[in-house]
Amino acid sequence: MNFDLSTEQKLFAESVRRFAKDELASGALPRAHTPRFPFDVAEKMARRGLLGITIPEADGGQGGTLMDAVIAIEQIAAVCPRSADVVQSGNFGAIRTLSEYATPEQKKRFLPALLEGKAAISLCMSEPEAGSAATELRTTATERDEEVILNGTKVFSTHSPDASVFLVYVRFGPGLDGIGSVLVERSTPGLTIGKPSAFMGGEEWCQLYFEGCRVPKENILLGRGGFKKQIAGFNVERIGNASRSLALGRYAYELAREHAMVRKQFGRPLCEFQGLQWKFADMALKLESAQLLLYRAAVNGEERLPSAYETTIAKLACNQAGFEVANDALQVLGGLGYTQELLAEYCLRRTRGWMIAGGSIEMLKNRMAETIFDRRFDQRSK
């Protein structure tokens, strides 16, 4: 068992860090406070092969590993936290699901622009009455002749203000086996996109309204019974979420560490106060522990979809570590950390959101308990 990165992985990490310093460092602060998707960054990353790392070469990707994508997120976030979102969107979540399950024709239509950084895709799962209870979604898909007619609404969809295509979870029929997904282009008649609303983290989302929205049948990604496949793929999404959460916690930690070495109070550097020494020891413990769980999930998922338990515990550890470390780092930075002159407060806000998105920490604990006790605990009222 080797806990070190391979020589190739170290060289890759160094090259990504150099790219980030050369191309992204100067705009890191204003970029974090710009809510819309940074297509300029996406196109730069595409030229460097940082989009589609986890996508097979046959589909236009790099044919790399989950671990490669995790390394890319870490190195980009260490310089420009906001740009880590672009690595996430180009390697995890909806684009990965598209690559896994789309038909050759669907891949030909949608993947090239996404992998070139010229388009964004939005995953549409949550609804006003279906959050953690995702299987209670009500958006319907009625098959009629050569079309699928959608009716319903979606909320909190990432990149929805800028996406050109939406991967929409829909209900073809009753029960779990009735859930599938459809690809809906932004210009489709019957799709109304509401005005942007802001998350606490600064990103924006739009409510989506499907009112007699007619989509050709060839846009069905996974029909009836496809939900279980999609949720299995969602474990990959959690690795991306966990990677960003941990990376932003580490970014805030490094800001605070550097500050503690040079900032003086009462005639000596902050790092000489035992109380802060213990705080940094606790922060380092959380970061290092969570990173080991994240790496395990990524490495063990190389030859297969990552296991639900390993991604669940990794996301939980990284979500909690990222937020708690960012919060402690801001405290060390004092008043300066509370301003928007540094990105500590940004890291705190973003890591807080990931404790909800992609599976809330409470739901993650429920999933862990099912593995621990080897039984299912139904959360629904009887």
Side-chain angles (χ1 to χ4, degrees), residues 1-21 45 48-57 61-79 81 83-84 87-88 90-93 96 99-100 232-254 257 280-322 324-325 351 354 358 364 367-368 371-372:
M1 186 179 296
N2 188 349
F3 291 98
D4 294 326
L5 297 179
S6 68
T7 300
E8 292 78 9
Q9 289 170 330
K10 290 177 181 177
L11 290 173
F12 176 62
E14 290 170 3
S15 70
V16 176
R17 180 70 72 99
R18 283 196 302 271
F19 162 75
K21 287 180 177 178
M45 288 187 179
R48 292 298 297 259
L50 297 177
L51 303 187
I53 295 172
T54 63
I55 306 300
E57 291 181 86
Q62 305 301 315
T65 66
L66 291 174
M67 192 63 202
D68 292 333
V70 169
I71 291 170
I73 286 178
E74 290 177 340
Q75 297 303 318
I76 293 294
V79 176
S83 293
V87 185
Q88 154 76 17
N91 292 285
F92 296 98
R96 174 84 179 219
S99 174
E100 286 279 341
F234 200 63
N235 289 325
V236 180
E237 163 79 9
R238 286 178 171 166
I239 289 178
N241 175 306
S243 299
R244 283 184 296 167
S245 188
L246 189 65
L248 265 64
R250 190 174 292 280
Y251 181 96
Y253 169 86
E254 290 296 339
R257 189 180 68 85
F280 276 95
D282 287 339
M283 287 192 279
L285 175 63
K286 292 174 183 177
L287 292 172
E288 296 299 323
S289 301
Q291 187 172 58
L292 288 173
L293 290 170
L294 172 62
Y295 282 10
R296 182 183 69 170
V299 170
N300 286 348
E302 301 296 8
E303 301 301 326
R304 53 179 169 79
L305 287 174
S307 82
Y309 181 79
E310 289 179 357
T311 55
T312 295
I313 194 171
K315 182 181 184 295
L316 176 61
C318 291
N319 285 169
Q320 292 187 158
E324 291 170 7
V325 170
T351 54
W354 291 321
L364 296 176
R367 296 288 83 81
M368 286 180 62
T371 300
I372 292 167

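This one's a predicted model, so the numbers in the text were calculated from it and none came from an experiment. Start at 1 with the first residue, then count along the sequence. Only this structure's heavy atoms are used, side chains among them; waters, hydrogens and symmetry mates stay out.
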Nearest heavy-atom pair of [X] and [Y]: which atoms, and what distance?
X: T54; Y: A69; value: CG2-CB, 3.7 Å
X: N91; Y: V87; value: ND2-O, 2.8 Å
X: K315; Y: W354; value: NZ-O, 2.9 Å
X: A298; Y: V70; value: CB-CG2, 4.1 Å
X: A77; Y: A247; value: CB-CB, 3.5 Å
X: S243; Y: I239; value: OG-O, 2.7 Å

The single option from L5, I53, T65 passing side-chain contact (heavy atoms from CB on, under 4.5 Å) against I71: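 Output: one option passes, namely L5.
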pair [X]-[Y]: side-chain heavy atoms closer than 4.5 Å:
X: N241; Y: F92; result: no
X: M45; Y: I76; result: yes
X: N319; Y: L364; result: yes

Using modelled atom types and a 3.5 Å cut-off, is there a donor and acceptor pairing between side-chain atoms of S289 and backbone atoms of L285? yes
Could you tell me whether a side-chain N or O of T311 sits under 3.5 Å from a main-chain N or O of A308, the two making a donor and an acceptor?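 Side chain of T311 to backbone of A308: a pair is present.
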Could you walk me through whether R250 and E254 pass the salt bridge (Lys or Arg N to Asp or Glu O under 4.0 Å) test, one step at a time? CA-CA 6 Å; R250 190 174 292 280; E254 290 296 339; 5.1 Å; no
Which residues share a side chain to side chain contact (heavy atoms under 4.5 Å, CB included) with S99, sequence neighbours left out: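 For S99 the side chain to side chain contact (heavy atoms under 4.5 Å, CB included) partners, ignoring immediate neighbours, are I55, P56, D59.
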Trace of the side chain to side chain contact (heavy atoms under 4.5 Å, CB included) decision for E74 with Q291: CA-CA 11 Å; E74 290 177 340; Q291 187 172 58; 3.1 Å; yes
When rounded to the nearest 0.5 angstrom, what is the spacing between [atom1] in [X] and [atom2] in [Y]?
X: E324; Y: L287; atom1: CD; atom2: CG; value: 10.5 Å
X: L246; Y: L294; atom1: CG; atom2: CG; value: 6.5 Å
X: S15; Y: L50; atom1: OG; atom2: CG; value: 7.5 Å
X: N300; Y: L66; atom1: CG; atom2: CG; value: 10.5 Å
X: K21; Y: Q75; atom1: NZ; atom2: CD; value: 9.0 Å
X: E310; Y: R238; atom1: CD; atom2: CZ; value: 13.5 Å

